[in-house]
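For reference, the structure discussed in these notes is given below.
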Protein chains: 2
Amino acid sequence: MPPPPPNPASIDFAALNLLRVVHELGSFTAAAEKLNVNQSAVSYTIAKLRACFQDPLFVREGGRQVATERCEDILARSLQMLGMLDEMLQPDAFEPGQATQNVTIACNYYERMLMIPGIVSAIRRHAPGMTVKVISSLGDGHLRLLRREADVLIGPFARAESGFHSRRLYSEEYACLMDAAHPLAGARLDADTYLSLNHVLIDYGAGWQSAYLRELEAAGHRLLPTITTPSPAGLGTLISGSDLVATIPRRLGEGNFEDLRVTDCPFPGAFDVSLVWAAHTNASAMHRWLRDLIWTACRG
Amino acid sequence: MPPPPPNPASIDFAALNLLRVVHELGSFTAAAEKLNVNQSAVSYTIAKLRACFQDPLFVREGGRQVATERCEDILARSLQMLGMLDEMLQPDAFEPGQATQNVTIACNYYERMLMIPGIVSAIRRHAPGMTVKVISSLGDGHLRLLRREADVLIGPFARAESGFHSRRLYSEEYACLMDAAHPLAGARLDADTYLSLNHVLIDYGAGWQSAYLRELEAAGHRLLPTITTPSPAGLGTLISGSDLVATIPRRLGEGNFEDLRVTDCPFPGAFDVSLVWAAHTNASAMHRWLRDLIWTACRG
DNA sequence: GATTGAGCATCAAATTATTTGATGGGAGTT
DNA sequence: AACTCCCATCAAATAATTTGATGCTCAATC
């Protein structure tokens with residue numbers, strides 16, 4: 001009753017390497033010494049390969065083990081595969097100076113105004129061969145991460161569920177933006193005064209509710225906007241020289257509008273701006289580098 | 001005390017295949033079912049690969065195991081290698097009609113006259129894309145096999161030592177070739193009569209001694225040649241219209257010289273013409289085919 | 001031809017690696 | 001919160017590999 005043939009799937013890289021060494025030294029005994037194993041271990045492994053490949057692989061010629069024609073073919077591929085394994089085992093290295101990859105950042109208007117210029121500038125400085133793509137994140141930022149459409153997501157999101165990682169960049173709050181000549185510019189606003197103003201409401205769409213709206217509604221109020229706009233873009237022109245008031249993130253107001261004034265809002269709706277990424281990019285050297293760079297650029 | 005990292009050389013093709021199936025199904029449990037193993041065997045193998053490659057390889061996203069960036073790289077190479085193993089496991093097939101290889105036959109004058117035309121014709125008929133090279137074998141035919149300079153050797157050689165295989169094609173003997181008008185043409189020659197003739201001796205060189213010379217010397221005789229020549233080439237012209245006698249293999253004499261006659265030699269020096277090849281080509285499909293073709297062509 | 005030594009094949013015992021089956025913790029859904 | 005699914009981990013069982021001993025084959029030498 002002969003033993004069943006060995007399963008070829010059980011051939012490992014050690015066996016392929018043993019084949020290489022036997023071929024190189026033309027002797028099982030010498031190969032055993034070089035590999036620091038017993039001679040019979042070499043016999044066992046060659047016997048296994050002989051059975052798998054249905055070929056003697058080595059034959060005695062003039063006192064040496066000489067490879068068969070078929071063994072030469074098998075050996076050529078084995079050498080290839082051993083090289084491939086070596087490459088696979090190299091640590092995931094990332095050299096910014098040599099890199100040519102594209103990175104895709106999902107974010108919205110706020111980040112595009114306040115953060116992307118600094119981030120892009122830093123990327124170009126440290127990794128001049130890389131390219132950057134900025135895509136919208138509203139409503140489906142997390143899906144974009146999962147679908148590998150984006151490498152990172154930046155915004156007021158901090159999902160704790162599995163599959164994502166996040167890192168808080170900084171805290172942010174809402175403030176009132178109005179013309180410097182507005183009678184209440186710089187004054188301390190109570191809730192009633194605030195609610196009686198002529199508000200410009202930014203409706204981001206996709207059911208998004210800003211944190212300050214949630215806070216004032218939780219306090220039992222309702223904001224009746226005078227004007228509704230889909231984006232902060234063009235807000236400065238709209239408010240300048242008027243009695244309109246827009247409630248926007250403080251950092252977006254400060255330093256971005258010349259004749260306008262930023263005043264505390266009685267419903268600041270504090271929130272965190274975070275960097276979010278999918279778990280499958282967490283261990284990647286390039287992604288780690290990118291995240292560190294974004295962290296530095298936004299905290300710098 | 002952590003366990004030592006596994007040796008990457010112990011990664012086998014089963015592990016690479018398991019990586020493929022987990023990736024495809026996005027689930028350890030589903031992969032286990034498909035592969036007909038226990039779920040914990042999948043965990044064990046993935047854990048081993050994780051340790052070897054220093055990467056989580058799969059992370060949970062939305063209830064599925066999703067590959068990391070590094071896993072995608074490793075998987076691409078794994079698929080390549082699995083394909084390579086499949087190719088390596090294919091039986092050594094040889095299609096004469098599609099083949100384009102060269103075959104090299106080592107032999108000498110006798111074989112070039114009597115056998116090579118038929119062999120070449122058969123090769124061209126069955127494997128029209130193949131090429132044939134004929135090289136001299138005198139003195140070092142066996143070395144040419146060992147050095148892979150020749151695929152087969154044909155001649156009066158039958159080495160029994162290890163490293164070679166041989167197959168007898170047919171038996172041959174020496175006979176006397178003389179002019180048809182020679183007074184002893186067709187007569188039965190005794191030893192003294194034979195030895196008194198005017199002999200043409202073919203001295204092949206390299207210390208080669210023909211079997212009939214060995215036989216007559218073993219019987220205590222010595223042949224004194226009238227003429228010595230290094231090759232049977234041109235022998236017909238030399239002997240025609242003369243009283244010279246050449247002792248050559250019977251088949252070489254018969255049918256090759258018009259006005260000449262072949263007569264039995266009292267020292268026939270019987271020998272075998274064999275096909276010889278090195279052990280390392282023994283299992284090769286192409287070589288087997290070639291040997292069978294030569295056998296058929298010579299035994300016609 | 002006989003002898004000797006080298007080297008491969010094979011065996012049983014020892015060791016290591018892998019697989020099985022049980023269990024519990026984590027994640028997702030209701 | 002309860003329930004279910006799935007992966008991680010554990011100990012025991014099983015399989016594969018390695019060790020060390022032995023014998024057979026081959027090549028070299030006398």
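Keep in mind that the numbers below use all heavy atoms, side chains included, and drop hydrogens, waters and symmetry copies. Below, chains carry the letters A, B, ... as their sequence lines are ordered, and counting in each starts from 1.
Between K48(A) atom NZ and dA9(C) atom C1' the separation is 18 Å, expressed in whole Å. Protein atom CZ of F164(A) is 10 Å distant from nucleotide atom P of dG28(C), rounded to whole Å. Note: CZ (F13(B)) to P (dA16(D)) measures 18 Å, nearest angstrom. Following rounding to the nearest Å, I46(A) (CD1) and dT10(C) (P) show an atom-to-atom distance of 13 Å. Atom pair N7(B):CG and dT17(D):P shows a separation of 14 Å (rounding to whole Å applied). In this structure, the CZ atom of R64(B) is 23 Å from the P atom of dG26(C), given to the nearest Å. When the P atom of dC8(C) is taken as reference, atom CD of E33(A) falls 10 Å away, rounded to whole Å. Rounding to whole angstrom units, CG of residue N36(A) and C1' of dT17(D) are separated by 16 Å.
Along DNA chain D, the nucleotide closest to D12(A) and the one closest to F28(B) are compared, and the more 5′ of them pairs with F28(B).
Salt-bridge formation is not detected for the pair E149(A)/K133(A): no Lys NZ or Arg NE/NH1/NH2 atom is positioned less than 4.0 Å from an Asp or Glu carboxylate oxygen.
Closest approach to the Y44(B) side chain among dA22(C), dT18(C), dT18(D) is made by dT18(C) (side chain taken as heavy atoms from C-beta onward). Distances were taken from every side-chain heavy atom of R60(B) (C-beta onward) to each of dC7(D), dG7(C), dT19(D); the shortest belongs to dC7(D). Each of dC7(D), dC8(C), dT18(D) was ranked by its minimum atom distance to the side chain of T45(A); first place goes to dT18(D). Among dT20(C), dC8(C), dT19(D), the nucleotide with an atom closest to any side-chain atom of N38(A) is dT19(D).
Residue contacts for R50(B): at a heavy-atom cut-off of 4.0 Å it reaches the sugar-phosphate backbone alone, with no base atom in range. Residue S43(B) is in base contact, counting any heavy-atom pair closer than 4.0 Å across all strands shown. Base contact: S40(A) has a heavy atom under 4.0 Å from a base atom. If you check every strand for non-hydrogen atoms under 4.0 Å, Q65(A) touches sugar and phosphate atoms only.
Judged by distance alone, the side chain of N7(B) and the main-chain N or O of A9(B) form a donor-acceptor pair under 3.5 Å.
None of E72(A), R77(A), R70(A) except one satisfies the side-chain contact (heavy atoms from CB on, under 4.5 Å) rule with I74(A); the exception is R70(A).
Within the structure, every pair that satisfies the side chain to side chain donor-acceptor pair (under 3.5 Å) test and touches residues 9-20 of chain B, not counting sequence neighbours, is listed here: S10(B)-K48(B), N17(B)-R20(B), R20(B)-E24(B).
Inter-residue side-chain proximity for H23(B) and L57(B) is flagged as unmet; no heavy-atom pair is nearer than 4.5 Å.
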